[in-house]
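Residue numbers begin at 1 in each chain, while the letters A, B, ... track the order of the sequences. The structure presented is a predicted model; accordingly, all values stated were derived computationally and were not measured.
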Protein chains: 2
Amino acid sequence: MTKDTENIRIKDIAQMAGVSAGTVDRVLHNRGRVSEENLKKVNAVLKMVNYQPNLIARSLASKKQYKIVAIIPSFKKGEYWESISKGIDKAGNEFEDYGVHIQKLYFDQYDNNSLNKTVDELFQISFDAVLIASLFANSVISISEKLDELNIPYNYIDSNISGQNQLAYFGTNSFDSGVIGAKILLNSIGKDANILVSRMIHSGDQNSNQSINREAGFNSYLNTVGYTGKVHYVDLKIGSSVFNFSVLDAFFESQNNIKGIIVFNSTCHKLANYIKVRDIHNLIVVGYDVIEENANVLREGYITALIAQRPQLQGYNGIKSLCEYLILKKRPQKENFMPIDILMKENVDYYNEQ
Amino acid sequence: MTKDTENIRIKDIAQMAGVSAGTVDRVLHNRGRVSEENLKKVNAVLKMVNYQPNLIARSLASKKQYKIVAIIPSFKKGEYWESISKGIDKAGNEFEDYGVHIQKLYFDQYDNNSLNKTVDELFQISFDAVLIASLFANSVISISEKLDELNIPYNYIDSNISGQNQLAYFGTNSFDSGVIGAKILLNSIGKDANILVSRMIHSGDQNSNQSINREAGFNSYLNTVGYTGKVHYVDLKIGSSVFNFSVLDAFFESQNNIKGIIVFNSTCHKLANYIKVRDIHNLIVVGYDVIEENANVLREGYITALIAQRPQLQGYNGIKSLCEYLILKKRPQKENFMPIDILMKENVDYYNEQ
DNA sequence: CTGAAAGCGCTTACAG
DNA sequence: CTGAAAGCGCTTACAG
């Protein structure tokens, strides 16, 4: 049990090939400066033995340092992107001993222009790989093209953009998570009930990929099942409860037959709080992301279900796979879809990221 | 960014304390054979500096090997315990370079006596830690007591047993996962509809903890919401479809007003297949665990929902925390509840363990 | 192009 | 009880 394969070392290979350890090392890493003849000898030995480099020894000896930049939205405590950030830190810590350092660059998730500014910052510094929260397709595509030129690997998280050369994507299938939102909603309110979709007003000129795709999935499900109700929309402001309350008051005065509400981002708690304060009953409310504020109103019954997407794991896997690529040349799968989790009052307390 | 804390080494501490590296090492690991005076000097230095041992160097230098035994049910491909086993292997691979070796010992999950035999095997060999699938409380308690005497750390997975000295438990709260099963079922069929609970006949004299606790949670929910229907039971045999079909035929002949079915273990697909073959409609079926056979009938619509518990993660974390305890003396939290996942047709395809 | 040697930070006999 | 030295498996200058 202790040894399934005898552990063979560079030294052993060197001896078998009749060369020095340095030469084997050069062959192993294609560092050049090896004669045709020795190259053959070493490769011959390599072919017979199953050499498993000791990574621990390698990183102890190597002074190589790697810098990974993570471009993500800024956040306050308890907000959605905090979870992603935690996952990034976790992976960063695990690979610290292997010479990996993480630097985070932030932008405003409600303003696509701010991402462009952050990108200018990015290209001022030097780095070996990038993790990108691909909220805004246009900007992300332009970053990606620059990174392609520089031959620097990059991963996407949050929402995918196809046709690009990202090493890997970690996140949900946003379209399908919209489908599930629609299904949970219609299961409870029926196919002819009216629905309110709550959106956020953005500063920039572009909505995030995630919301766009979720809404597309939602609409697709409505079409598929032959939905005959009416879908209404309100636009809220992220920072202004006063504004939001007056918008919602006006809306609910004009419409009194809404049965379900859905919010395609993590701000569902804003709506739930309105419902709580106004003491409105019998509404089915579906939102996204288990942040503390959402979880609280879910527990109290003002949100019916939350759909979640393992944010911490997205950050963790996004960084980890870049580390493994840099250190081990291990290429990850290109598309890595996170599970789409459904949380209700009864299971939300167990939803932590193990 | 590259250095938040200057990296101080044993050598540095030795120099500062005016002793040799060997002495520092002895102090660090309580290996004894250090004079009162030197002990003081080294500890004084240790108090000022934040020494972070380089684990990579440590494990390269140390020839220490650790053996962890995992006691789990045997399984065929695609069965529930395969996932747990995969998680165990994953953690084993990650810690291989650190000198950790895993040995698995199997027992029959439907026969508590078989576990006792496996335990006899266990105490024939030598090992440093144990991971136990705590299906059968009695046997597991007796193993635990022996391990306590030997001062060998052990973790539980699958279902918890309180009052024992396990280092940690990784698994769901079985009671609450029974509550959620009941909620999903009653949400669809109402509080007065009749329910069929399908059980498995065991060879031993004891049911598994997991099933017992899930059923307790299920019954508790029924009481809480004032359920007025009738709960029926059938006992099936794991290996005999012929037997099962005749039992179910007999049951459904005598009862024609069953609205919902629940199965508290991973064998729900057996019931779903019966329903499929007999072409029975309008039954809400809730089961546990996303094994391939269950997922297939969920996709086809013969199971309404599956409740899952991250089996791979249980195996992975169960081993990982033992490794960290052995290598780093890092003590894990004692109770680590897995999320309780709800899977429907629409999100099951994304349910993989990242 | 090549090999001998030093070094990564720690642990482990060993001589005293 | 103590320190100097060797060694874990690899990488990295360096002299030739």
Side-chain angles (χ1 to χ4, degrees), chain A residues 2-3 5-43 45-46 49-66 96-100 326-329, chain B residues 2-3 5-43 45-46 49-66 96-100 326-329:
Chain A
T2 357
K3 309 220 165 219
T5 32
E6 199 194 355
N7 239 358
I8 93 127
R9 295 119 66 217
I10 285 193
K11 213 180 173 179
D12 302 319
I13 296 173
Q15 194 191 318
M16 292 167 84
V19 300
S20 75
T23 301
V24 175
D25 185 73
R26 267 164 243 146
V27 174
L28 245 20
H29 295 286
N30 295 311
R31 303 196 212 275
R33 303 188 306 148
V34 176
S35 67
E36 194 67 29
E37 196 196 335
N38 280 344
L39 184 64
K40 260 189 212 159
K41 287 200 241 167
V42 173
N43 276 330
V45 176
L46 249 23
V49 303
N50 172 236
Y51 175 61
Q52 302 273 46
N54 183 325
L55 301 178
I56 291 197
R58 176 181 292 177
S59 57
L60 182 61
S62 172
K63 321 227 57 53
K64 198 175 283 177
Q65 302 286 50
Y66 301 96
E96 199 177 8
D97 283 348
Y98 291 87
V100 175
L326 292 174
I327 300 172
L328 313 176
K329 300 272 169 277
Chain B
T2 357
K3 306 220 164 219
T5 32
E6 199 194 355
N7 238 356
I8 93 128
R9 294 118 67 217
I10 285 192
K11 212 179 173 180
D12 301 318
I13 296 172
Q15 194 191 319
M16 293 168 84
V19 299
S20 75
T23 301
V24 175
D25 185 73
R26 267 165 243 146
V27 174
L28 246 20
H29 295 286
N30 296 311
R31 301 195 214 276
R33 301 188 306 147
V34 177
S35 66
E36 194 67 29
E37 196 196 335
N38 279 343
L39 185 64
K40 263 189 208 157
K41 288 201 241 167
V42 172
N43 275 330
V45 176
L46 247 23
V49 303
N50 173 237
Y51 175 61
Q52 301 274 46
N54 183 324
L55 301 179
I56 290 196
R58 176 181 291 177
S59 57
L60 182 60
S62 171
K63 320 227 59 52
K64 200 175 281 177
Q65 302 285 60
Y66 301 96
E96 200 177 7
D97 282 348
Y98 291 87
V100 174
L326 292 174
I327 300 171
L328 313 176
K329 300 274 169 275

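- Regarding contacts with the backbone of D/dC10, a side-chain N or O of A/Tyr51 is found under 4.0 angstrom from either OP1 or OP2.
- Straight-line distance from the CD1 atom of A/Ile10 to the C1' atom of D/dG7: 16 Å, rounded to whole Å.
- Contacts between residues 16-37 of chain B and DNA chain C, defined by a heavy-atom separation under 4.0 Å, are made by B/Asp25, B/His29, B/Arg31.
- Considering only residues two or more places apart in sequence or on other chains, A/Ser62 meets the side chain to side chain contact (heavy atoms under 4.5 Å, CB included) condition with A/Lys64.
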Exercise. Please step through side-chain contact (heavy atoms from CB on, under 4.5 Å) for the pair A/Leu46 and A/Asn43, ending with a clear verdict.
Key: CA-CA 5 Å; A/Leu46 249 23; A/Asn43 276 330; 4.0 Å; yes

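- A distance of 7.5 Å separates CZ in A/Arg58 from CG in A/Leu328, rounded to the nearest 0.5 Å.
- Listed by chain and number, the residues in a side chain to side chain contact (heavy atoms under 4.5 Å, CB included) with A/Glu37 are A/Ser35, A/Lys41 (sequence neighbours excluded).
- With contacts defined as side-chain heavy-atom distances shorter than 4.5 Å, the pair B/Ile56/B/Tyr98 qualifies.
- At whole-Å resolution of the value, CG in A/Asp97 and P in C/dC10 are 10 Å apart.
- When rounded to the nearest whole Å, the span between CG of A/Leu328 and P of D/dC10 equals 14 Å.
- The interatomic distance linking B/Lys41 (NZ) with D/dC1 (P) rounds to 15 Å, in whole Å.
- Note: CG (B/Leu60) to P (C/dG7) measures 17 Å, nearest angstrom.
- The distance from atom CG of B/Leu55 to atom CD of A/Glu96, rounded to the nearest 0.5 Å, is 11.0 Å.
- Qualifying side chain to side chain contact (heavy atoms under 4.5 Å, CB included) partners for B/Lys40, counting only residues two or more places apart in sequence or in other chains: none.
- Straight-line distance from the NZ atom of B/Lys11 to the P atom of D/dA4: 12 Å, rounded to whole Å.
- Listed pair A/Tyr98 / C/dC8 fails the phosphate criterion, with no side-chain N or O lying under 4.0 Å from OP1 or OP2.
- Rounded to an integer number of Å, the gap from A/Ile327 CD1 to D/dT11 C1' is 15 Å.
- The structure places CG of A/Leu60 at 9.0 Å from OG of B/Ser59, a figure rounded to the nearest 0.5 Å.
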Self-check item: Intra- and inter-strand pairs of DNA chain D in dot-bracket (Watson-Crick or G-U wobble, both distances under 3.5 Å; | for another strand)
Solution: |||.||||||||.|||

Per-pair distances, 0.1 Å, donor-acceptor, side chain in residues 10-29 of chain B, under 3.5 Å, sequence neighbours excluded:
unit_1  : atom_1 : unit_2  : atom_2 : d
B/Asp12 : OD1    : B/Arg9  : NH1    : 3.1
B/Asp12 : OD2    : B/Arg9  : N      : 2.7
B/Asp12 : OD2    : B/Arg9  : NH1    : 3.2
B/Ser20 : OG     : B/Gly22 : N      : 3.4
B/Ser20 : OG     : B/Thr23 : N      : 3.4
B/Ser20 : OG     : B/Thr23 : OG1    : 3.4
B/Asp25 : OD2    : B/Arg31 : NE     : 3.0
B/Asp25 : OD2    : B/Arg31 : NH2    : 3.1

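- Remark: A/Asn38 is not in phosphate contact with C/dC1, judged by side-chain N or O atoms under 4.0 Å from OP1 or OP2.
- Rounded to whole Å, the distance from CD1 on B/Ile13 to C1' on D/dT2 is 18 Å.
- Side-chain N/O atoms of B/Asn54 include none lying less than 4.0 angstrom from OP1 or OP2 on C/dC8.
- The phosphate of C/dG9 (OP1 or OP2) has no side-chain N or O of B/Arg58 nearer than 4.0 angstrom.
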